[in-house]
Amino acid sequence: MDKRKSNRLITLSRLDYTAGDVTTIPDKSDYPIRVPLEKGNADEFYFMHKEYSLTNSDDSVYHLPFIFNECGTPWYEANLYFYERSMEEDFSRGGYKTTDEIRIDASMLLDYKLFCEDECIDYLDFSASRAAKRPSYRYSQYLLHRDDVSPKNLNKRTLVVYKFYEFISKLPGYSLDMTRVDKTKQAFIIFQNGFKKQVTLRSQTVNASYQQKPVPIGYVRDGGEDLRPLSNGQCDELIDVLNSGVFSVDERLIHLIALNTGCRKQSIFTMRMKHINQLFKSLEVAEGLESLHNISQELKDEISADGTLVLKAGGKTGIDTKNGKPQKLHFPRSLVRQIHTYAFSKESAKRRKLFEQQYGDILSEDDMYLFLSTNGNCHYMAKNDPRYRQVKTRPKGEHTDYLKEKLFRNVSASFPKSFTFHWQRATFAYQYYQHLSRLVVYNGKTKLKPGQLRPGDEIRKIQIRLHHTNRETTEHYLKLFVEFDDKLVAQDGYEEILFKGIF
């Protein structure tokens, strides 16, 4: 942030009692909580509504942006706007509301305020008969002629301005016609699955469409990221290195969970002690069964037909997933035994103790992270972690970068240099596909035996394990797997010609 903005935008570390109903008039029946007025006289107090005393949750707002006018006074409308937004709690995904997005929007709204000041524009004056002379339109044109503002960023900035005015228009004492801020119309977006979503189109929105880069040879695009599965030989090399002793037990298990379940790093790093206890309990039940056929529906939620153990993630489980989407993770029994052994090892207990020494008892034993650093810190902060709102910079799995560097120091020169931790998701899918392919029966007249599949069933099973909403994404995986060997041969041959003589 430049110096001009840094003097105008600050962050309030914590605002307390935001759920309270405040008055300066005491009333014994309704306002029993008496709080001294800071910097006031000894007999001056404000009083909190009695219902506040029944609230057990932390209603504080953390890291709230606060903007000043050029003269040094608070920008009333903007600060009220961001405060009101911070109060819009949403616990539907099992996490805490944060001010991350609000702080970004505050910076953009301050840019608008600075523009108005530089151009001597009254940001509340929309009386001009021509739209091009009004503040929001002038700002939109200004952004349009800036080379360093992309169409997508322009749309974000003008939307921040529009939402701000939309809030002001509803405040008492403000007469603001939103049709003079921007012209809008309603439209529907129709998705491939037939779902329709109503959206508001603004006249100041510019075309931000872009042509996606082609998917490289041997890769598949999943969630906007290009992934490539390791070949069988490369996967074997990875496992050999993991078992060689250069990786610690927890580092090896982190990789093995990714390779055996296909889940993302946020799910691995937000697993808790209660989850491994649940898996181990399911393991004990599964080992006591003579057969997996005709088991109760309750057991089917814990033990899959292929013998893997099921762990629910997303929602309010405490395990973060992409977009908070509910998922079922499938763990091989041997892996659960290894994780359980580590979870109750002296090293693991030592790290949990270090966490408690730093942060106290904010997490129960059941909710304690399964994987902690040697310093007792989490690798990825879960959204239902009590500290989630309180910190500005949260760990988001950067530990995988260290694991990748460590891996590269111990693999052969032929191991893919562009490998990332997330490749293990595609590698899991490839290994699972090879397993399922052997179970497919192509003769439609043949009666299937237990475990056998019809053509197409393998796609559905991979789609379920990877938690793809659209079957098309999974079909891209399948297409890659079918042609995988040929594509790798072609790519390697091209690179050999391209780099011949350089090294």
Is the shortest heavy-atom distance from the side chain of V391 to the side chain of M381 under 4.5 Å?
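Side chain of V391 against side chain of M381, heavy atoms only: contact under 4.5 Å found.
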
Working to the nearest 0.5 Å, report the span between [atom1] of [X] and [atom2] of [Y].
X: D240; Y: D236; atom1: CG; atom2: CG; answer: 6.5 Å
X: L289; Y: L299; atom1: CG; atom2: CG; answer: 6.0 Å
X: I462; Y: E475; atom1: CD1; atom2: CD; answer: 11.0 Å

Within 45° of the ring axis of Y432 and under 6.0 Å from its six-membered ring centre, is that where the NZ or CZ of K461 lies?
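Negative - K461 is either too far from the ring of Y432 or too far off its axis.
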
Is the terminal nitrogen or CZ of R465 (NZ for Lys, CZ for Arg) located under 6.0 angstrom from the six-membered ring centre of F428 and within 45° of that ring's axis?
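No - R465 does not lie over the ring of F428 by the 6.0 Å and 45° rule.
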
The test is side chain to side chain donor-acceptor pair (under 3.5 Å); show your working for H476 and D222 and say whether it passes.
CA-CA 9 Å; H476 288 323; D222 185 355; over 6 Å; no

Identify whether the distance between the nearest side-chain nitrogen and carboxylate oxygen of [X] and [Y] falls below 4.0 Å.
X: D100; Y: K392; answer: no
X: R352; Y: E365; answer: yes
X: D105; Y: R85; answer: yes
X: D401; Y: K406; answer: no
X: D226; Y: R221; answer: yes
X: E302; Y: K281; answer: no

Do [X] and [Y] meet the criterion of a side-chain donor-acceptor pair at a distance under 3.5 Å?
X: N375; Y: S373; answer: no
X: S412; Y: E237; answer: yes
X: S418; Y: Y219; answer: yes
X: Q434; Y: N232; answer: yes
X: Q338; Y: R252; answer: yes
X: T420; Y: K404; answer: no
X: S364; Y: D366; answer: no
X: R389; Y: T98; answer: no
X: T473; Y: H468; answer: no
X: Y359; Y: D385; answer: no

Sequence neighbours left out, what passes side chain to side chain donor-acceptor pair (under 3.5 Å) with [X]? Give chain and number order.
X: E287; answer: R337
X: D250; answer: S248, R351
X: T321; answer: none

Trace of the side chain to side chain contact (heavy atoms under 4.5 Å, CB included) decision for Y342 with F371
CA-CA 10 Å; Y342 168 74; F371 296 113; 4.0 Å; yes

Intermediate values then yes/no, side chain to side chain contact (heavy atoms under 4.5 Å, CB included), V310 and H330
CA-CA 5 Å; V310 180; H330 294 253; 3.8 Å; yes

